[in-house]
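The structure appears below as structure tokens.
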There are 4 protein chains.
Amino acid sequence: MTELDGSSTDKRSQILRAAARVFAAKGFHKAKVEEIALEAGVGKGTVYEYFSSKKELFREMFKSCSMFYLETFRRRLADEKSVKYKLRQIIVLHLEFIQRHSEIAMILLHEHAEIGEQLHQWMLEKQEEKIAFIKELIQQGIDDGELRNMDVDIAARVFFGAVVAVGGRLIIHGIKEVDVDYICDEIMGLFLEGIKK
Amino acid sequence: MTELDGSSTDKRSQILRAAARVFAAKGFHKAKVEEIALEAGVGKGTVYEYFSSKKELFREMFKSCSMFYLETFRRRLADEKSVKYKLRQIIVLHLEFIQRHSEIAMILLHEHAEIGEQLHQWMLEKQEEKIAFIKELIQQGIDDGELRNMDVDIAARVFFGAVVAVGGRLIIHGIKEVDVDYICDEIMGLFLEGIKK
Amino acid sequence: MTELDGSSTDKRSQILRAAARVFAAKGFHKAKVEEIALEAGVGKGTVYEYFSSKKELFREMFKSCSMFYLETFRRRLADEKSVKYKLRQIIVLHLEFIQRHSEIAMILLHEHAEIGEQLHQWMLEKQEEKIAFIKELIQQGIDDGELRNMDVDIAARVFFGAVVAVGGRLIIHGIKEVDVDYICDEIMGLFLEGIKK
Amino acid sequence: MTELDGSSTDKRSQILRAAARVFAAKGFHKAKVEEIALEAGVGKGTVYEYFSSKKELFREMFKSCSMFYLETFRRRLADEKSVKYKLRQIIVLHLEFIQRHSEIAMILLHEHAEIGEQLHQWMLEKQEEKIAFIKELIQQGIDDGELRNMDVDIAARVFFGAVVAVGGRLIIHGIKEVDVDYICDEIMGLFLEGIKK
DNA sequence: AATGAATGAGTATTCATTCAT
DNA sequence: AATGAATGAATACTCATTCAT
């Protein structure tokens, strides 16, 4: 899925990229189809040649964003070996992604409720996929003797929630320059060692 | 702030409660002022006697919900002594709150981005208050020797995010019957002991 | 049904009368809701308070027109006794109606196909009612020995078609001053005596 | 004019035939140029090579239909001698035409008002031509002593209207199997003998 | 204070038409 | 000559808000 990386020049991708920018900047309701068309450098009618409605445009843009996000993850986690390093890498990638693609991240963070059940379901499925992935990692860590025994479902959700929460802080506060390594070490420290003295 | 607990019968509270129900069920944009008025058993014009706009109604409803939530927290955390127990109690209260007030929780979960900067800021402030509160707790735990040394800001955010994430799962999945104690023990276990073997 | 006679001043009737004028002048598609509202002296939104769509407004206006037309007929045919005079009176009333209410007649003449099956069916039913009425008249004439034996269905349709055709000529040519008596005599002559020498 | 009889294979005729089918099935406004192009098996742009606009396409299609109708009439009335038989033949041809070409008949019946003054005028002219033709027939009948003296204008219109009305009934009711001879005899009986006992 | 009838600003969408290929 | 991707003018409809009662 390279539709959103800026290199594709076909109309559909142009529109998707413009949609990502405008929806991110204004949210679904305040974004106007006309503005997206303008931003994409095409006529208003052209948007409807490729997408049957504003809603579908949002849906497709949203899917593209999510796919792009997941794609990046999958690609860059392939090489890691130790579970701890993989978990750490998830945090690194998440924070880097947010720093580099704060527009898209904004959408993933904010527009969940906008579009109705279908897309919401799709998004939850994708989220559950991520959590399942983390669960597998943790389970693997337990099996390998790296991690102690625990409820992996809860652990995965806690880890995921924590990463999202810290990432959200970066988005919300518009922080661009953060010491990713330091934050990762701290988060990993918390998860590995706990907070008890 | 007892406006939302169902006991107050003045028009303003009636409208706020109706607004909470309708906004929760439909989201900001699909909720109609007329429907809220109907649900509250008042005329459409009456809504505007108490609130200058739909947006302000949402804001006020949102504030009431949040205040109610915080109020509950503060009241029930007053007695706790040990930091560990207080942190555990935060999880308990959050999960209980979600189970009992899933409507309101839905709003707090979903409608962040709906209303624009001002309310968003207010909400973030409230969230920062909660995080600050958790930060203080953790700091206090460190000072008392209960907890090890760490970056309390990150720790507080990780804790907060984790609690929200696990709570969100309950809302999203519509889970009504959960073993709160078990979940709390697991979460606390993770935070206290870490995941490392 | 006095909604269209110009005496009622409630908003619904105002809108119906304005709709009759504008639809008659421009046809369904070229008539703009905004223009009807303007003509009625109300706001655009008010039209939608009383009618759920432009289509429904047309339907209701159409029904009102038709009812008004039928009402007039029924009222003024009540006194007639002889079948011949009643048939003659139908022609008289039809021509008079067209002369006085050419706007409405224009609609009844032209907009049949505009609105889709439902209204079309309704209109055909009304037309069949009129034909059935004429059929009864002719049958009664036969029974009373006034008229010779014939296929009353065909006779009724031929009579109805003839009246409509001659009426249509008045509308289309915009003829205002016609010798109704002369035309009636001629038509009746044709029907009574035939054209054969 | 054989453009519509199905034998011509040039693009223009293909488009005209497709237009007749689609306009008949959907009416002017609901018929889409794209669908007509599709039905004709040509590209959308090609339609505009042969017709400058949708309106003109309708006009040309309409004219072709009417010409085809008139052509058929003229051809088949040439041999008749007696006025009575010619009038009877008009009815026969009209009913046969409707049975065989109900699509085209539908258009001639319903779409009068759709297109605006110019075509409307043209159609009225054609109609007046038909009426004039009938008028001449009747006048000739009077001159020849076949028919009694009467207002030939009114008589022609009454005859025309009656034929159209009975034909319309066939279209509207979708009647395919009718005893054309019986109906003609009845209509002619009415016109020749009248309805009086 | 309470009401709800009236309002009109604001927008997604359609589709006839154009024109580069 | 033939095409169909691209266009944007045109319009029905929604609903927050007002204000006379």
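Small disclaimer: the values here were computed from a predicted structure and weren't measured. FYI, side chains are in, hydrogens and waters are out, and symmetry mates aren't considered; it's all heavy atoms of this structure. Note on naming: letters A, B, ... go to the chains in the order of the sequence lines (proteins, then strands), and numbering restarts at 1 for each one.
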When the ring planes of C:Phe28 and C:Phe58 are compared, do they come out parallel, tilted or perpendicular, using 30° and 60° as the limits?
perpendicular
Closest to the A:Ser53 side chain, choosing from E:dT13, E:dA1, E:dA5
E:dT13
Provide, to the nearest angstrom, the distance between the NZ atom belonging to A:Lys55 and the P atom belonging to E:dT11.
17 Å
Opposite nucleotide pairing with E:dT21, Watson-Crick or G-U, both atom distances under 3.5 Å
F:dA2
To the nearest 0.5 Å, what is the distance between CD1 (B:Ile15) and CD (B:Glu60)?
12.0 Å
Can you measure from CG (C:Leu57) to OH (C:Tyr50) and round to the nearest 0.5 angstrom?
13.0 Å
Grab the CD-P distance between C:Glu49 and E:dG4 for me, whole Å please.
13 Å
dist B:Leu38:CG -> B:Lys44:NZ (nearest 0.5 Å) comes out at 11.0 Å
Counting only side-chain heavy atoms from C-beta out, which of E:dA2, F:dA2, E:dA12 sits nearest to D:Tyr50?
F:dA2
Which residue, A:Gly45 or C:Glu34, contacts DNA chain F at a nucleotide closer to its 5' end, judged by nearest heavy atom?
A:Gly45
Among the nucleotides E:dT18, E:dT13, F:dA16, which one has an atom lying closest to any side-chain atom of B:Tyr48?
F:dA16
State which of E:dT7, E:dT3, F:dT14 makes the closest approach to the side chain of C:Val42.
E:dT7
Measure CZ/C:Arg12 against P/E:dA5 and give the value in whole Å, please.
15 Å
For D:Leu57 and E:dT17, what is the distance between atoms CG and P respectively, to the nearest whole Å?
10 Å
Which nucleotide sits closest to the side chain of D:Lys32: E:dT7, E:dA1, E:dC15?
E:dC15
Whole angstrom is fine here: how far is it from CZ in A:Phe51 over to P in E:dA12?
16 Å
Which whole-number value in Å describes the distance from A:Glu56 CD to E:dT13 P?
10 Å
What's the NE2-P distance between D:His29 and F:dT11, to the nearest Å?
11 Å
Return the 5'-most residue of the pair C:Lys44, A:Lys11 with respect to DNA chain F, ranking by each residue's nearest nucleotide.
A:Lys11
Quickly, which of C:Lys54, C:Lys55, C:Glu56 forms a side-chain contact (heavy atoms from CB on, under 4.5 Å) with C:Ser52? Name it, please.
C:Glu56
Can you measure D:Asp10 atom CG to F:dA2 atom C1' for me and round it to whole angstrom units?
15 Å
Where each residue is assigned the nucleotide of DNA chain E containing its nearest heavy atom, which of B:Gly41 and A:Lys54 is assigned the position nearer the 5′ end?
B:Gly41
Taking pairing as Watson-Crick or G-U wobble with both contacts under 3.5 Å, can you name the mate of E:dT11, or confirm there isn't one?
F:dA12
By the 4.0 Å heavy-atom rule, please label D:Ala31 as base, sugar-phosphate, or nothing.
sugar-phosphate
